[in-house]
Amino acid sequence: MGVQLGTDLGAVTVTWTDTFYPYGVEVFHEPIGHHLVLGESGPARVGPDVEGQSRWGPLLGSRVHSTACHWEQFQIGPSRRADGSIAAPAHSVDAPVALRLDFAAGSIWFVAAIPQLPDPQGVFIPGDEIMVVFSAEKMRDLGFEDPAFIGPPS
């Protein structure tokens, strides 16, 4: 549910957390292993086939030229008791829901989103998983509209 990137300053991890409530994309300047429970029943590496054809191919080993983060504001509550009375007032929270990395070969986005089965084209944002998106068109399909974040329509 995240990715580790190699940088000139060492490993950087992009993963989802609930630091900002609700779930959002977060970046840590440390290896992904510091954020995972490893072991026999723990997660396994799943990643691009460095020998074969992959959408990651042109990006592997490339320098990240720039980054951008997309934040959204969510309204929470009010919290109610079983009898309907208000237990806590409504409030809003800001959460980072997507991160864009720009390479010479193009951009990719990490989005805190969950595919909504049985139609994986629909997603729930923010989610507690990381979806990797390889095109501005798909970002627009997901509901991102800011051309400063996803680029102008092609």
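For clarity, every value in this text was computed on a predicted model and none was experimentally measured.
Applying the side chain to side chain contact (heavy atoms under 4.5 Å, CB included) rule to P78 yields the partners R80, I86, A90; only residues at least two apart in sequence or on another chain are considered. Residues satisfying the side chain to side chain donor-acceptor pair (under 3.5 Å) test with D83, not counting sequence neighbours, are S85. The salt bridge (charged side-chain N to carboxylate O under 4.0 Å, His left out) search around D102 returns R100, not counting sequence neighbours. Partners of E30 by side chain to side chain donor-acceptor pair (under 3.5 Å), not counting sequence neighbours, listed by chain and number: H35.
Contact of the V27 side chain with the T13 side chain is not registered, since no non-hydrogen atoms from C-beta on lie closer than 4.5 Å. Under the 4.5 Å side-chain criterion, counting only non-hydrogen atoms from C-beta, I76 is in contact with V93.
At least one donor-acceptor pair under 3.5 Å links the side chain of S62 to the backbone N or O of P58. No donor-acceptor pair under 3.5 Å is formed between the side chain of E129 and the backbone N or O of A113.
Sequence neighbours left out, the pairs with a member in residues 56-75 that pass salt bridge (Lys or Arg N to Asp or Glu O under 4.0 Å) are D8-R63. Sorted by first then second residue, the ring-ring contact (aromatic ring centres under 6.0 Å, His included) pairs that include residues 110-137, not counting sequence neighbours, are W56-F134.
Note that CG of L142 and CD of E137 are 11.5 Å apart. Values are rounded to the nearest 0.5 Å. In this structure, S107 OG and M139 CE are separated by 10.0 Å, a value rounded to the nearest 0.5 Å. Distance check, rounded to the nearest 0.5 Å: CD1 of I150 to CG of D141 gives 9.5 Å. Summarising the geometry, atom NZ belonging to K138 is positioned 16.0 Å from atom CD1 belonging to I108; distances are rounded to the nearest 0.5 Å. Atom CG in L101 sits 9.0 Å away from atom CG in L59 (nearest 0.5 Å).
Under the 6.0 Å cut-off for aromatic ring centres, F144 and H70 qualify, their centroids lying closer than that.
The minimum heavy-atom distance between I32 and Q4, with the atom names listed, is N-OE1, 2.8 Å. Closest approach of Q75 to S92, counting heavy atoms only: NE2-CB, 3.4 Å. In this structure, M131 and P115 approach most closely via the heavy-atom pair CE-CG, 3.9 Å. Heavy atoms only, all atoms of each residue included: F74 and I125 are closest at CE2-O, 4.4 Å.
In this structure, V132 is not a member of the same hydrophobic cluster as F28, with clusters built from ILVMFWY side-chain heavy atoms closer than 4.5 Å. V97 and V123 fall within a single hydrophobic cluster, where Ile, Leu, Val, Met, Phe, Trp and Tyr side chains are chained together by heavy-atom contacts under 4.5 Å.
Note: W109 and F149 have perpendicular aromatic rings, judged against thresholds of 30 and 60 degrees for the angle between ring planes.
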Trace of the side chain to side chain contact (heavy atoms under 4.5 Å, CB included) decision for V14 with L5: CA-CA 8 Å; V14 179; L5 304 171; 4.1 Å; yes
